Amino acid sequence: MAKKNSVPARQHQYVKRKKKFIEMPMDQFIKICAAVVAVILIIVLFFVLRSAFDGHLSVVDGAVVTEGDNWILVNNGTSAKPRYFKLGEAGDVEGYTKTPDTAPNGDVNNPAYVYTPAEEGKAEITVRTAGVKYSEAAANVYGQLSFPNLSALDESDVAGRHARTFSFYVEDPAADVDAATDAENAPETEEGAEPATEPAATSTYTKLMYVYAEAARGSTVAAVSTIKADSADKLPDDAAMKAEIERVLSAVKFE
């Protein structure tokens with residue numbers, strides 16, 4: 001019986017590999033390559049253009065370019081490579097004087113706005129920003145506090161915006177130290193004269209309320225209300241402080 005011719009194993013592998021290769025006309029191959037390149041270019045252009053036209057403000061000679069002196073800004077970049085965005089405009093509030101202040105943010109291009117009351121006994125309110133979501137900004141600060149008078153973290157709308165609020169007050173013993181220093185430095189009295197009455201050592205109490213309100217671009221506009229009194233009983237309650245903050249935030253024209 002005649003023996004069947006067999007194909008060597010190496011030749012089998014060659015045949016199999018050769019069958020896996022898909023032959024196509026050169027013009028079709030060029031079209032596919034061109035389509036792949038076009039898709040890559042579109043993706044690259046998308047990210048480049050999105051970064052260039054995302055609404056950030058220009059910075060010229062280290063100064064951000066704005067069209068008003070009351071813009072509320074946030075820096076969503078870094079101090080070395082800032083990217084400023086407008087979140088709103090700080091309006092005027094009756095009974096308060098508005099003053100820009102660069103100290104809270106430490107950035108001359110991103111001032112906070114301090115609302116100082118004309119009426120004595122009212123709280124001063126500072127409006128500033130944070131480049132994170134309002135709930136995160138509130139949680140970050142709240143989680144670092146451990147005062148005995150710290151309120152619960154409240155979630156409610158303020159000035160028509162989602163917000164988180166908390167408050168606390170502290171006793172400031174600095175007045176005791178000042179009184180003791182004044183007594184030590186008082187001039188000596190003559191013999192037989194009535195000694196000078198030493199000033200009574202009193203403490204002061206400072207209450208703060210924080211409101212973190214939702215803003216554009218996943219950012220936050222925060223309002224911090226601060227007031228002092230010589231007695232804890234004389235500090236305003238949370239409802240009164242929140243009402244004044246709401247007045248100030250209602251004057252903010254959010255984007």
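The figures that follow rest on heavy atoms only: side chains count, while hydrogens, waters and symmetry mates do not. No experiment lies behind these values; they were computed from the predicted model shown.
For Tyr113 (side chain) and Trp71 (main-chain N/O), a donor-acceptor pair under 3.5 Å exists by modelled atom type. The closest donor-acceptor contact from the side chain of Thr102 to the backbone of Asp107 lies at 3.5 Å or more, if one exists at all.
Ring planes of Tyr115 and Tyr96: perpendicular class, angle over 60° (limits at 30 and 60°). In this pair, Tyr210 and Phe166 present their aromatic rings parallel. The plane angle is below 30°, not in the 30 to 60° band.
Contact annotation: the side chain of Leu73 never approaches that of Asn75 to less than 4.5 Å [non-hydrogen atoms, C-beta and beyond]. Between His56 and Tyr84 the shortest side-chain heavy-atom distance does not fall below 4.5 Å.
Phe168 is linked by a ring pair (Phe, Tyr, Trp, His ring centres under 6.0 Å) to Phe147, counting only residues two or more places apart in sequence or in another chain. In terms of the side-chain hydrogen bond (donor to acceptor under 3.5 Å, both in side chains) criterion, Asp61 has no residue partners (sequence neighbours excluded).
Closest approach of Val132 and Thr220 over heavy atoms only: O-OG1, 2.6 Å. Considering every non-hydrogen atom in both Ser151 and Tyr142, the closest pair reads O-OH, 2.7 Å.
In this structure, Glu214 does not pair ionically with Arg161, as no charged nitrogen and carboxylate oxygen lie closer than 4.0 Å. Between Lys234 and Asp230 there is a salt bridge, with a side-chain nitrogen of the basic residue lying less than 4.0 Å from a carboxylate oxygen of the acidic one. Ion pair Arg128/Asp101 not flagged as a salt bridge, since none of the NZ, NE, NH1 or NH2 atoms sits closer than 4.0 Å to an Asp/Glu carboxylate oxygen. A salt bridge links Lys207 with Asp238: the distance from a Lys NZ or Arg NE/NH1/NH2 to an Asp or Glu carboxylate oxygen falls below 4.0 Å.
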Ignoring hydrogens and angles, write down the donor-acceptor pairs under 3.5 Å from the side chains of residues 246-254, residues two or more places apart or on other chains.
from: Glu246; atom 1: OE2; to: Ala159; atom 2: N; distance (Å): 2.9
from: Arg247; atom 1: NH1; to: Glu244; atom 2: OE1; distance (Å): 3.3
from: Arg247; atom 1: NH2; to: Glu94; atom 2: O; distance (Å): 2.8
from: Ser250; atom 1: OG; to: Glu246; atom 2: O; distance (Å): 2.6

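The environment of Asp69 atom CG is sparse: at most 12 non-hydrogen atoms of other residues, nucleotides or ligands sit within 6.0 angstrom.
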